[in-house]
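To keep things clear, I will list the structure first and then write my remarks on it.
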Amino acid sequence: MITVHNCDVFYYLLTKGLQSVEKHKGLIFLLIIIQPVIDLITSITNQYSDVAISIGALFRTFVMAFLFILIVKYLLHNHRIMLFAFFGAFGSILITLIANYFLKSNFLLFPEINFALKTSYYLVIVYLSIILFKKYVLDRESFSKATTIVSLIVGGSYWLAIVTNTSINSYQYESVGYSGWFFSANELSVIVIVLLALTLLNLRYNKSILSWLAFVFIFSMVPMIGTKTALAGGIVIVFIYAIYLLFTYKLQVVENKQTLLFFGTVILFVCLSPFSPIASNTQNLNYEHSKEIERVQVSDSKNEQSSSLMVRILSSRHLYLQTINEDYSEANGIRKAFGLGYAGDYNEDPKLIEMDFFDLFFSYGLIGSILLLIPLFYLFLLVIKNLLPLSIEKVLLFTALGLCLGIALVAGHVLFAPSVMSYAAILFLAIGMELMQRNDGVKNEDS
């Protein structure tokens with residue numbers, strides 16, 4: 001049971017204890033390594049039971065409520081203006097829920113509340129990232145250890161699921177792929193992109209066997225999940241690091257054992273990729289694309305030919321976008337200002353567009369989406385202001401962050417996925433930690 005006294009203690013640890021790592025790094029460390037465990041419990045609960053609310057969802061709801069209290073108390077004492085923005089964003093979520101309860105012809109209570117809770121989790125994580133940005137919440141060694149453990153849990157459980165033939169399929173129909181014991185292949189793809197950048201960062205400072213094993217585990221998942229998101233993101237991050245090593249060591253690559261091991265691992269997986277699910281899915285895409293080109297050539301329509309690539313990328317999301325856009329156009333003033341709620345004006349099974357920023361706009365309207373995006377833009381502004389001077393560590397982390405943003409725009413499963421937002425918070429933590437380390441290094445050199 002959370003009492004006022006307990007809240008005061010944790011509030012002290014968050015605000016006054018930020019300058020002392022030893023007092024609270026154990027809590028942050030635990031919150032990081034417990035993320036894949038929560039995801040696995042949630043997935044297994046959803047897969048093998050008919051319980052409406054999973055243990056993982058309940059746990060994250062409790063964590064969100066706890067963090068909400070801490071954030072309010074911190075902002076009350078340090079950033080009153082930001083507190084008004086915080087309450088304004090939560091107020092817009094509440095207004096949207098209440099307005100659509102009375103105005104929506106078909107209102108399914110549980111999906112609507114569940115979506116509101118996911119939006120609230122996004123909001124809490126963003127504000128928490130703002131508060132903890134560029135603060136010594138963990139030292140580099142502890143952070144490296146935590147993210148290595150997370151990567152080993154994610155990668156180890158993934159391959160154990162495949163070996164024991166208990167993996168969940170990434171797709172229900174034609175495409176193939178494995179999501180291990182994780183429920184959503186799309187969410188897992190984003191998590192793998194984040195962890196891939198973090199494992200490469202760890203290899204920069206800690207070249208232990210566990211660090212290499214964590215990298216191999218995560219990298220080997222890229223072609224096995226079977227999604228375009230995991231493949232494209234994985235290629236971009238590994239390619240950037242490979243180019244950096246080539247420019248750094250040049251002809252001495254063979255002489256450096258760690259660099260040689262990295263390129264050997266990459267070459268091995270490139271050679272094995274044609275036998276992985278992503279190769280089969282790519283062939284299916286090419287076949288479908290050739291059929292599309294034939295159809296377009298028969299109809300002799302240049303507009304259709306130019307849009308075929310976009311259709312492949314969006315995977316029919318444009319159809320849901322068009323439908324919800326029509327719902328929004330026909331909505332009254334209140335719903336245009338505060339949104340249509342979850343999935344627009346559905347009649348049967350509600351379905352999001354799965355393009356997060358469009359989902360955000362249509363769900364929460366013009367006013368609501370502005371209030372919800374202000375803290376995210378502010379957080380990105382903090383990151384961009386510290387972009388220079390560039391280093392490979394910054395480039396890896398910023399690339400992962402940019403990929404997450406792009407995926408949220410095109411493929412979704414970022415802003416409204418609590419598991420992914422948790423890893424996004426870890427990513428922001430890593431960026432802030434790297435900036436602090438760099439600043440301290442500059443100060444030490446000046447002195």
Side-chain angles (χ1 to χ4, degrees), residues 147 150-151 154-155 158 170 177 179 185-204 212 214-249 253 259 262-274 276-279 281-282 285-286 309-310 312-315 354-357 380 383-384 387-388 390-415 417 420 423-424 426-428 430-431 434:
T147 50
V150 168
S151 300
V154 172
Y158 181 85
S170 297
S179 60
N186 290 315
E187 294 178 14
L188 180 62
S189 298
V190 186
I191 292 171
V192 164
I193 290 172
V194 173
L195 290 179
L196 187 59
L198 294 176
T199 53
L200 286 174
L201 182 68
N202 290 340
L203 286 178
R204 294 279 300 151
W212 273 105
F215 166 70
V216 171
F217 268 157
I218 298 300
F219 185 43
S220 63
M221 293 171 63
V222 169
M224 296 299 294
I225 299 174
T227 62
K228 300 184 289 290
T229 301
L231 177 66
I235 289 175
V236 169
I237 290 176
V238 171
F239 178 77
I240 288 174
Y241 192 65
I243 292 297
Y244 164 78
L245 291 178
L246 287 175
F247 273 99
T248 301
Y249 293 99
V253 171
T259 305
F262 171 79
F263 280 106
T265 303
V266 172
I267 292 171
L268 176 62
F269 281 115
V270 168
C271 294
L272 293 176
S273 291
S276 67
I278 193 60
N281 293 348
T282 303
L285 278 174
N286 291 333
L309 177 61
M310 186 59 65
R312 290 198 306 156
I313 293 174
L314 296 181
S315 301
E354 293 188 356
M355 299 170 71
D356 284 347
F357 291 103
F380 274 100
V383 173
I384 294 171
L387 183 62
L388 299 176
L390 284 176
S391 64
I392 184 58
E393 293 83 4
K394 284 186 181 180
V395 171
L396 285 173
L397 295 173
F398 290 169
T399 300
L401 187 59
L403 287 170
C404 289
L405 187 64
I407 293 167
L409 179 63
V410 176
H413 300 281
V414 177
L415 301 185
V420 177
Y423 286 91
I426 297 173
L427 184 59
F428 279 115
I431 293 173
E434 187 61 35

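Note that the structure is a prediction, hence the values are computed from the model and not measured.
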Under 4.5 Å between any side-chain heavy atoms of [X] and [Y], yes or no?
X	Y	answer
Phe217	Val154	no
Thr227	Leu188	no
Leu231	Ile235	yes
Val238	Phe269	no
Leu195	Met221	no

Handout entry: Sole residue of Leu403, Asn186, Ile407 in side-chain contact (heavy atoms from CB on, under 4.5 Å) with Val414
Key = Ile407
[X] and [Y]: which non-hydrogen atoms are nearest, and at how many Å?
X	Y	answer
Gly155	Ile218	N-CD1, 4.3 Å
Tyr158	Ile225	OH-N, 3.4 Å
Ser220	Pro223	O-CD, 3.4 Å

Can you tell me how far [atom2] of [Y] sits from [atom1] of [X], rounded to the nearest 0.5 angstrom?
X	Y	atom1	atom2	result
Ile243	Thr248	CD1	OG1	10.5 Å
Ile392	Leu200	CD1	CG	8.5 Å
Leu409	Leu405	CG	CG	7.0 Å
Leu203	Thr259	CG	OG1	10.5 Å
Tyr423	Glu187	OH	CD	11.0 Å
Leu397	Leu198	CG	CG	6.5 Å

Handout entry: Test item: side-chain donor near acceptor, Thr199 and Ser151, under 3.5 Å
Key = no
Exercise for the section: If the plane angle is over 60° it's perpendicular, under 30° parallel, otherwise tilted; pick one for Phe219 and Phe215. Expected result: parallel
